[in-house]
Amino acid sequence: MAREPDILIVTTDFLEGRPVRQHMGMVSAQAILGANVVLDLMAALRDFFGGRSKGYERVLARAREDALLALAEEAKKVGANAVLGVDLDYHAIGPNGSMLMVAVNGSAVVI
């Protein structure tokens, strides 16, 4: 079950009917997760035969969730109760792209 941050996190630059009272600055966070040999092997088979890689999808979903929770923590540290304009970036890093990274950033605000 996904953990929900207690900070409002949105990709839009504003929330209709909820004006920004104070800008607290930019916040960012990252989550890096390693794939394992079994996932790499299964992904190679999926690449050859076609189809979705459920294993990598689960790893990416976990990395995204971890990064968003870390972003909420960063927002709390600066006294914000929301993060607007959130951007998510996905990268393969490490030797042979064996690790997956999700980087998130946005504007911490008080609404």
Side-chain angles (χ1 to χ4, degrees):
M1 182 157 109
R3 299 165 288 171
E4 290 292 325
D6 54 355
I7 298 279
L8 182 61
I9 297 175
V10 298
T11 58
T12 58
D13 293 328
F14 65 93
L15 294 168
E16 191 164 337
R18 297 183 76 181
V20 171
R21 295 187 326 203
Q22 186 174 4
H23 289 270
M24 308 304 284
M26 188 183 98
V27 288
S28 62
Q30 307 78 33
I32 301 171
L33 296 177
N36 62 41
V37 174
V38 174
L39 280 180
D40 289 342
L41 177 60
M42 296 305 292
L45 291 173
R46 292 278 185 222
D47 189 37
F48 183 76
F49 292 109
R52 294 172 62 169
S53 174
K54 296 288 188 185
Y56 275 120
E57 287 176 2
R58 282 191 296 275
V59 171
L60 279 173
R62 181 170 164 221
R64 181 180 58 246
E65 178 184 334
D66 289 351
L68 289 170
L69 286 169
L71 186 71
E73 289 301 315
E74 292 300 312
K76 278 193 237 178
K77 286 180 188 176
V78 298
N81 64 1
V83 183
L84 304 180
V86 172
D87 178 53
L88 291 97
D89 293 308
Y90 297 84
H91 304 279
I93 62 172
N96 303 317
S98 61
M99 301 186 85
L100 304 170
M101 178 177 80
V102 177
V104 294
N105 62 65
S107 297
V109 298
V110 175
I111 54 173

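Keep in mind that this is a model prediction, so the values were computed, not measured.
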Ignoring hydrogens, what is the shortest heavy-atom contact between [X] and [Y]? Give both atom names and the distance.
X      : Y     : result
Ala63  : Leu33 : N-CD1, 3.5 Å
Asn105 : Ser28 : CB-CB, 3.7 Å
Val110 : Gly79 : CG2-O, 3.4 Å
Ala72  : Ile7  : O-CG1, 3.7 Å
Ala80  : Met24 : CB-CG, 4.1 Å
Ala67  : Ala29 : O-CB, 3.7 Å

Are [X] and [Y] connected in the hydrophobic side-chain network, where two residues link if heavy atoms are under 4.5 Å apart?
X     : Y      : value
Val78 : Val104 : yes
Met26 : Leu71  : no
Ile9  : Tyr90  : yes

By side-chain hydrogen bond (donor to acceptor under 3.5 Å, both in side chains), which residues pair with Lys76, not counting sequence neighbours?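 Partners of Lys76 under the side-chain hydrogen bond (donor to acceptor under 3.5 Å, both in side chains) test: Asp6, Glu73.
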Taking side-chain hydrogen bond (donor to acceptor under 3.5 Å, both in side chains) as the test, write out the residues that go with Gln22, two or more places apart.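 Applying side-chain hydrogen bond (donor to acceptor under 3.5 Å, both in side chains) to Gln22 gives none.
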Lys/Arg N to Asp/Glu carboxylate O, Glu65 vs Arg62, below 4.0 Å: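 Salt bridge flag = no for Arg62 with Glu65.
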I need the full list of side-chain hydrogen bond (donor to acceptor under 3.5 Å, both in side chains) pairs touching residues 10-19, with sequence neighbours left out, sorted by first then second residue.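 Non-adjacent pairs meeting side-chain hydrogen bond (donor to acceptor under 3.5 Å, both in side chains): zero.
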Partner of Leu8 by side chain to side chain contact (heavy atoms under 4.5 Å, CB included), out of Val109, Leu15, Asn81: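 Running side chain to side chain contact (heavy atoms under 4.5 Å, CB included) over Val109, Leu15, Asn81 with Leu8 returns exactly one hit, Leu15.
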Nearest 0.5 Å, what's the CG-CG distance between Leu88 and Leu60?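 The CG atom of Leu60 is 11.0 Å from CG of Leu88, to the nearest 0.5 Å.
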Pairwise distance CD1(Ile32) to NE2(His91) - rounded to 0.5 angstrom: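 Reported to 0.5 Å precision, the distance equals 10.0 Å.
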